[in-house]
Trainee: 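To start, I am sharing the structure in question, which I have written as structure tokens.
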Amino acid sequence: MRLMKIGYFAVAALLCGHALAYADAAQEAAAARLTFAECHKKVLAYYPVLKRQNAQVDVAVAERLQAFSEFLPGVRGVSSVTTGDDPVYVFGSLLKQASFTQESFNVNTLNYPRHRTNFNFGLQGELSLFNAFQTITRLRSAECMIASAEQEAAYMKMEASLLATEAYLNVLLSEKIYALLERVARDSESDIAQAKELKEKGVVLGADYFAARLIMGGITQMKHHYDAQRSIARALLNILMGEDPLKEYAIDGDLDFDLREGRSLQDWVSAALKTRGDLAAMRATIRAQEEQLFGEKTSFLPRVAAFGGLEENTENWRWGGNSYTMGIRGSMDIFDPSLFPRVKKAKETLRVLRYQEGILRDSITRSLTEEQSRYRTVCENLPVAAEMLGDAGQAVSMTLPLYQEGRKSIADLLEMRRALLDTSIARDQLMLSSETAYARLLFLSGALDERKVDEIAERIKRKKSGVK
């Protein structure tokens, strides 16, 4: 009885061990799955261009702090040690050290003094009261550059979202096509194996059999091609996420999308001119340059600053003299030969930036026009491709019984299977193009924000439901 109990415990422990191992394997498999939301998060966290632009924002903030610091007083400590017997130096050192006596007025002492050492310690400070609007100009320009860097960072974030969308959908497409090719190749191999037996019995013509093998060879080549495309698509997505290019994972999602309701070109362009991050960044840069031009134009004005200082002078480190100075001073360039060239340079730089803004506006309009035309063509072709796919499926379904009855050859059947394969691939590629083209329209119009990315994620992970 005791042995039976021990056996029961051993079996229970073994089952528990298997259950735990199965649970670990299930957790591993779950961890190896990748959703678009996870992919997008990883791309944003890794994308080097976005990191660089975020660093540019930090640089712009530091420049604003540097400009603001000019409102604050500057204080520095000074120290020196000097030795000499120059009459003027010795006379002044005696006064500074509070060591002047009646004997110091001796003519011989004045003319031929002994050398003297002076240790000097002091604090000097200066506060700008008016500097020809230079500080205000730099501060305003720095604020504009912060806005420019932030807008550019927002645009780079949308670019990363677009790249993540295209790369993820390309992996989905390559996986779907490869699975289709595997299924068609498996069915075709079965048909050819059957045809080989019939050929050996003299039922199937040799020419039909070898024609079918020729078609099968083409399907096999397509399978190898898309297997390579699948590996490349996965590697590119891994690189985009900052992962090992050879990392394996199961990807979630489907390519069976509903077509989105289109918008007019005027709506896309109008939205882009209002919200495009790079265009807003260019406008902020122009405003910064306008401030710099103002600063150059006013740089001829006088500058006024308050100053002050404290000094300690000693020779023997036991006693010495203390003194302070304070006052206000002003300066103004009567003739500055570099003023006109500086103003001219600032004006020309501003003009170049305005030209660049016009070039960017034209580029945005042209890109949206091309992408809108491409998206419209895809939307027109997709229903046709779906109808063709249905016809190809019917052709295969109708050819198969005719082949089995001997009224169609094996070459005819494989030709129909290849037509079904080509049509299915074309339909899936159009489906991919419909989503990527719309994502590019959102990006080009400056609307590919977090909410739109979430919508794309929902569309990828659900099956076609007939609801837009």
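This chain uses plain numbering: 1 for the first residue, then up along the sequence.
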Trainee: Which class fits the ring pair F294 and F133: parallel under 30°, tilted 30 to 60°, perpendicular over 60°?
Mentor: tilted
Trainee: F119 vs W317 aromatic rings, parallel, tilted or perpendicular, using cut-offs 30° and 60°?
Mentor: tilted
Trainee: Does one side chain, of D267 or S264, offer a donor that lies under 3.5 Å from an acceptor on the other?
Mentor: yes
Trainee: What distance do Y375 atom OH and L259 atom CG have between them, rounded to the nearest 0.5 Å?
Mentor: 5.5 Å
Trainee: Do N313 and S93 pass the side-chain contact (heavy atoms from CB on, under 4.5 Å) test, and can you show the C-alpha distance, the side-chain angles, and the key distance before you say yes or no?
Mentor: CA-CA 8 Å; N313 293 278; S93 296; over 6 Å; no
Trainee: Any chance you could lay out the side-chain contact (heavy atoms from CB on, under 4.5 Å) test for E166 and R440, step after step, and finish with the verdict?
Mentor: CA-CA 9 Å; E166 292 180 337; R440 282 194 291 271; 2.7 Å; yes
Trainee: So how far is it from K176 NZ to L169 CG, rounded to the nearest 0.5 Å?
Mentor: 11.5 Å
Trainee: Hey, what do you get for CG (L237) to NZ (K42), rounding to the nearest 0.5 Å?
Mentor: 9.0 Å
Trainee: Testing R342, K344, R138 for salt bridge (charged side-chain N to carboxylate O under 4.0 Å, His left out) with E296, which one passes?
Mentor: R342
Trainee: For A419, is there any backbone N or O sitting under 3.5 Å from a side-chain donor or acceptor partner on T423?
Mentor: yes
Trainee: Residues two or more places apart in sequence or in another chain: which of them pass side chain to side chain donor-acceptor pair (under 3.5 Å) with R351?
Mentor: E348
Trainee: Under 3.5 Å, is there a donor-acceptor pair between the Q151 and R276 side chains?
Mentor: no
Trainee: Can a cation-pi geometry be assigned to R263 and Y438, taking NZ or CZ under 6.0 Å from the six-membered ring centre and within 45° of the ring axis?
Mentor: no
Trainee: To the nearest 0.5 angstrom, please state how far the CG atom of L240 sits from the NE2 atom of H40.
Mentor: 10.0 Å
Trainee: Short question: side chain of N238, backbone of P245 - any donor-acceptor pair under 3.5 Å?
Mentor: yes
Trainee: Taking only residues at least two apart or on different chains, which pairs with a member in residues 78-88 satisfy side-chain hydrogen bond (donor to acceptor under 3.5 Å, both in side chains)?
Mentor: T83-T117
Trainee: For the pair V78 and F121, evaluate side-chain contact (heavy atoms from CB on, under 4.5 Å) and give the outcome as yes or no after the intermediate values.
Mentor: CA-CA 6 Å; V78 294; F121 305 93; over 6 Å; no
Trainee: Could you tell me if S141 and E291 have a donor-acceptor pair between their side chains, going purely by distance under 3.5 Å?
Mentor: no
Trainee: Nearest 0.5 Å please: distance from the CD atom of E38 over to the CD1 atom of I251.
Mentor: 10.5 Å
Trainee: Does K452 offer a backbone N or O that forms a donor-acceptor pair with the side chain of D449 under 3.5 Å?
Mentor: yes
Trainee: Within 45° of the ring axis of F307 and under 6.0 Å from its six-membered ring centre, is that where the NZ or CZ of R329 lies?
Mentor: yes
Trainee: Could you please spell out the steps behind the side-chain contact (heavy atoms from CB on, under 4.5 Å) verdict for L279 and L273?
Mentor: CA-CA 7 Å; L279 187 59; L273 296 182; 3.9 Å; yes
Trainee: Can you tell me how far apart CD (Q266) and CD (Q372) are? Round to the nearest 0.5 Å.
Mentor: 9.0 Å
Trainee: Has the side chain of S445 got a donor or acceptor atom that lies under 3.5 Å from a matching backbone atom of L442?
Mentor: yes
Trainee: Spell out, as yes or no, whether a donor-acceptor pair under 3.5 Å connects the side chain of S174 to the backbone of V171.
Mentor: yes
Trainee: For F36 and Y168, what are the C-alpha separation, side-chain angles and deciding distance, and is it a ring pair (Phe, Tyr, Trp, His ring centres under 6.0 Å)?
Mentor: CA-CA 7 Å; F36 176 71; Y168 193 89; 5.4 Å; yes
Trainee: Quick one about Y155 and Q53 (side-chain donor to acceptor, distance below 3.5 Å, no hydrogens or angles considered), yes or no?
Mentor: no
